[in-house]
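First the proteins, then the strands, lettered A, B, ... as listed; each starts at 1. Please read all numbers here as calculations on a predicted model, not as lab measurements. Heavy atoms only: backbone and side chains are in, while hydrogens, waters and symmetry mates are out.
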Number of protein chains: 2
Amino acid sequence: MKEKELRRSQAVLPIGTVMKLTNLSARQIRYYEEQELVIPARNEGNRRMYSLNDIDKLLEIKDFLADGINMAGIKRIYEEQAEKQAEKQAELSKPLTDEDVRRILRDEFINVSRLTKSNGYSFRTNRNL
Amino acid sequence: MKEKELRRSQAVLPIGTVMKLTNLSARQIRYYEEQELVIPARNEGNRRMYSLNDIDKLLEIKDFLADGINMAGIKRIYEEQAEKQAEKQAELSKPLTDEDVRRILRDEFINVSRLTKSNGYSFRTNRNL
DNA sequence: CTATCTATGTTATATTTTATAACATAAATT
DNA sequence: AATTTATGTTATAAAATATAACATAGATAG
């Protein structure tokens, strides 16, 4: 899914297109940017360029507003989302626990023993790996 | 997949974006249009608006040209493709053969008999459907 | 109830992007 | 050698966008 994500995050749409796709006014779109909710890329000429992900987020904001949630509320929602994302990310890049290490080593040895099952080599053979 | 097709054929990209995504010059893109290879939509202000499908086609044209095929050759390729598409379409909208009708009717009756299997109703029950 | 704030509209001005069209040209074709 | 093809370049006009300021209905606070 890496490539799809890339496509979805490519800033290729000018604000006029975004207005049509979202039915938001330029004023609204720029205001949400001012509120730091959707910050588009800029091209060489300083024109805002939006990605499909930006479109999704704008539509989401529109829904939140229609539900009576105000800017402050929407900001909070995204802050919390960002936190959760950060946690998940931290989890992924956290160093291995001793438990993890033991499990992984055990699995390693299982594989090795499979490879060396009937060739007469013992586990000691793998000290150099 | 209907929705995906729709998205891919939505004309949302201005020529500047297309230039970047394809590495073609505006001159080239417009020339291929003049040659009736890729005819973009126009917005209210007469600006060309391209779809993802248009991008694909432009990249394809670029490849053909790199392979030494000239405009005439490329046009021919697309004409043939269009023919094949038309045939396929014709096949789909062709009226049913007698054979088709018999098969469909048989299947209908199988379903009906399933529904009425153990409720004492005979086939005649379904005359009103 | 009045004052303030929020979210958005409107207008003006400057800059960027695009459209069209004409002229130019290297490379391929005739 | 003349013509055609595919593309570059330049000029001009129109459209889209950026920024910023002023305006305001409705919500919120004092």
Side-chain angles (χ1 to χ4, degrees), chain A residues 10-79, chain B residues 10-79:
Chain A
Q10 279 251 62
V12 294
L13 308 171
I15 199 168
T17 294
V18 177
M19 292 172 64
K20 281 175 202 154
L21 293 179
T22 62
N23 273 305
L24 291 168
S25 68
R27 185 69 167 88
Q28 289 174 301
I29 297 169
R30 296 196 195 107
Y31 182 66
Y32 306 153
E33 176 182 351
E34 202 177 305
Q35 300 297 312
E36 301 183 291
L37 290 176
V38 175
I39 301 180
R42 298 283 183 133
N43 72 3
E44 320 72 50
N46 196 38
R47 267 81 231 282
R48 292 172 175 82
M49 299 300 288
Y50 296 84
S51 69
L52 291 179
N53 282 333
D54 291 334
I55 301 275
D56 285 346
K57 193 157 180 185
L58 286 170
L59 290 172
E60 199 174 31
I61 291 169
K62 212 183 156 188
D63 284 345
F64 286 146
L65 287 170
D67 285 353
I69 304 175
N70 65 10
M71 286 295 135
I74 298 174
K75 281 184 203 175
R76 169 63 69 89
I77 290 169
Y78 285 124
E79 276 166 22
Chain B
Q10 279 250 64
V12 293
L13 308 170
I15 199 168
T17 294
V18 177
M19 291 171 66
K20 282 174 202 155
L21 293 179
T22 62
N23 273 306
L24 291 168
S25 69
R27 185 68 166 89
Q28 287 174 303
I29 297 169
R30 297 197 194 106
Y31 182 66
Y32 305 155
E33 178 182 350
E34 201 178 305
Q35 300 298 312
E36 300 182 293
L37 290 176
V38 175
I39 301 180
R42 297 286 183 131
N43 72 3
E44 321 71 48
N46 197 38
R47 266 83 231 280
R48 292 172 176 84
M49 300 299 290
Y50 296 84
S51 69
L52 291 178
N53 282 333
D54 290 334
I55 301 276
D56 284 345
K57 194 158 179 183
L58 285 169
L59 289 172
E60 199 175 33
I61 290 169
K62 212 182 156 189
D63 284 345
F64 285 145
L65 288 169
D67 286 352
I69 303 174
N70 64 9
M71 287 294 136
I74 298 174
K75 282 184 205 177
R76 169 61 70 88
I77 290 169
Y78 285 122
E79 275 165 24

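When each of A:R42 and B:E44 is assigned the nucleotide of DNA chain D with its nearest heavy atom, B:E44 is the one assigned upstream, toward the 5' end. Place B:P14 and A:S25 on DNA chain C by their nearest nucleotides, and A:S25 ends up nearer the 5' end.
At whole-Å resolution of the value, CG in B:L65 and P in D:dA6 are 8 Å apart. Rounded to an integer number of Å, the gap from CZ of B:R48 to C1' of C:dA19 is 6 Å. Summarising the geometry, the separation between CE on B:M71 and C1' on C:dT29 is reported as 16 Å, rounded to the nearest angstrom. Put simply, CG on B:L58 is 12 Å from P on D:dT7, counting in whole angstrom units. Atom P of nucleotide C:dT8 and atom CD1 of A:I61 are separated by 10 Å, given to the nearest angstrom. A straight line from CD1 of A:I15 to P of C:dT18 spans 15 Å, rounded to a whole angstrom. Between A:Y50 atom OH and D:dA18 atom C1' the separation is 11 Å, expressed in whole Å. One atom, CD of A:E33, and another, P of C:dT8, lie 15 Å apart when rounded to the nearest Å.
None of B:I69, B:L37, B:I77 except one satisfies the side chain to side chain contact (heavy atoms under 4.5 Å, CB included) rule with B:I61; the exception is B:L37. Of the candidates B:I29, B:T17, B:T22, B:V12, B:Y50 forms a side chain to side chain contact (heavy atoms under 4.5 Å, CB included) with just one, namely B:I29.
Dashed line: the shortest gap from a side-chain N or O of A:R27 to OP1 or OP2 of C:dA7 is not under 4.0 Å. Close to C:dT16, at under 4.0 Å from its OP1 or OP2, lies no side-chain N or O of A:N43. Between D:dA15 and A:R47, no contact under 4.0 Å exists linking OP1 or OP2 to a side-chain N or O. An OP1 or OP2 oxygen of D:dG8 is reached within less than 4.0 angstrom by no side-chain nitrogen or oxygen of B:Y31. The side chain of B:N46 contributes no N or O atom lying less than 4.0 Å from OP1 or OP2 of D:dA16. Distances shorter than 4.0 Å separate none of the side-chain N or O atoms of B:N70 from OP1 or OP2 on C:dA28.
Across every non-hydrogen atom of B:V38 and B:P40, the tightest pair is O-CD, 3.3 Å.
Among C:dT17, C:dG9, D:dT17, the nucleotide with an atom closest to any side-chain atom of A:Q28 is C:dG9. Distance from the side chain of A:Y32 is smallest for C:dT8 among the nucleotides C:dA19, C:dT8, D:dA18.
Of the possible polar contacts, none joining the B:D67 side chain to the B:F64 backbone as a donor-acceptor pair under 3.5 Å is found.
The residues A:K75 and A:E36 are annotated as not salt-bridged, no charged nitrogen and carboxylate oxygen being separated by less than 4.0 angstrom.
At the heavy-atom level, B:R30 lies under 4.0 Å from base atoms of the strands shown.
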